[in-house]
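One-based numbering along the sequence shown. Note that these values count all heavy atoms, side chains included, but never hydrogens, waters or copies made by symmetry.
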Amino acid sequence: MNLSKFSAAFFFIFLIAIEYLALTPAQIKLIENSWDKANHFIAFAALYVTLHFGFSRLNLGAKVAILLAYGIQIEIMQSFVPNRYFSLLDIVADGIGIVFGILVARILNGFKARF
């Protein structure tokens, strides 16, 4: 399996896992005991890296737009789930995670080019 297919598969696995964790009304100890904004940051950094390598034909703007739309969708859906709510700060944390993911992807591209 090449890097592109591997990354694309992980991108969709991450999407499903994040959607479940974001929209389940159940209290998950590991998630609830951590800082929520860090969860958003890490999730969206990982989403960006896997999206970048899995779908390299998309340009930067499209990748960012897809992930921000996904983050906004999660927040809207959370407003309808018991024990969840809409948070603009979560969307900001998503955006910061995306920026960090861009930096990580660029660093990894540099390593990939050397080998």
**Complete:** Residues at least two apart in sequence or cross-chain that pass side chain to side chain donor-acceptor pair (under 3.5 Å) with Glu19, listed by chain then number, are Tyr70, Gln73
If you look only at distance, which donor and acceptor atoms sit under 3.5 Å apart when one is on a side chain in residues 88-104 and the other is two or more places apart or in another chain?
unit_1: Asp90; atom_1: OD1; unit_2: Lys37; atom_2: NZ; d: 2.6
unit_1: Asp90; atom_1: OD2; unit_2: His40; atom_2: NE2; d: 3.3
unit_1: Asp94; atom_1: OD1; unit_2: His40; atom_2: ND1; d: 2.7

**Message:** Hydrophobic cluster membership, with links at side-chain heavy-atom distances under 4.5 Å among I/L/V/M/F/W/Y: are Leu58 and Leu68 in one?
**Reply:** yes
**Asked** Same hydrophobic cluster for Ile72 and Phe41, using side-chain heavy-atom links shorter than 4.5 Å among ILVMFWY?
**Response** no
**Message:** Would you say that Val49 contacts Phe11 through its side chain, given a criterion of any heavy-atom pair below 4.5 Å between the two side chains?
**Reply:** no
**Item:** Non-hydrogen side-chain atoms of His52 and Leu108 separated by less than 4.5 Å
**Value:** no
**Request:** Please name all residues satisfying side chain to side chain contact (heavy atoms under 4.5 Å, CB included) with Ala46, sequence neighbours left out, ordered by chain then number.
**Result:** Phe14
**Prompt:** Got a sec, which residues hit side chain to side chain contact (heavy atoms under 4.5 Å, CB included) with Ala22, two or more places apart in sequence or on another chain?
**Reply:** Ile74, Gln78
**Complete:** Students should find that the hydrophobic cluster of Val81, defined by side-chain heavy atoms under 4.5 Å apart, otherwise consists of Leu23, Met77
**Which atom of Ser7 lies closest to which atom of Gly54, heavy atoms considered** = CB-N, 3.4 Å
**Request:** Kindly give the heavy-atom pair with the smallest separation between Tyr48 and Ala105, and that separation in Å.
**Result:** CE2-CB, 3.9 Å
**Asked** So, does Ser79 use its side chain to make a donor-acceptor pair with the main chain of Ile76 at under 3.5 Å?
**Response** yes
**Prompt:** Do the side chain of Arg84 and the main chain of Glu75 share a donor and acceptor less than 3.5 angstrom apart?
**Reply:** no
**Asked** Restricting to pairs with a member in residues 38-59, which pass salt bridge (Lys or Arg N to Asp or Glu O under 4.0 Å), not counting sequence neighbours?
**Response** none
**Request:** Test Leu15 against every option in Leu51, Thr50, Leu47 by the side chain to side chain contact (heavy atoms under 4.5 Å, CB included) rule and name the one that passes.
**Result:** Leu47
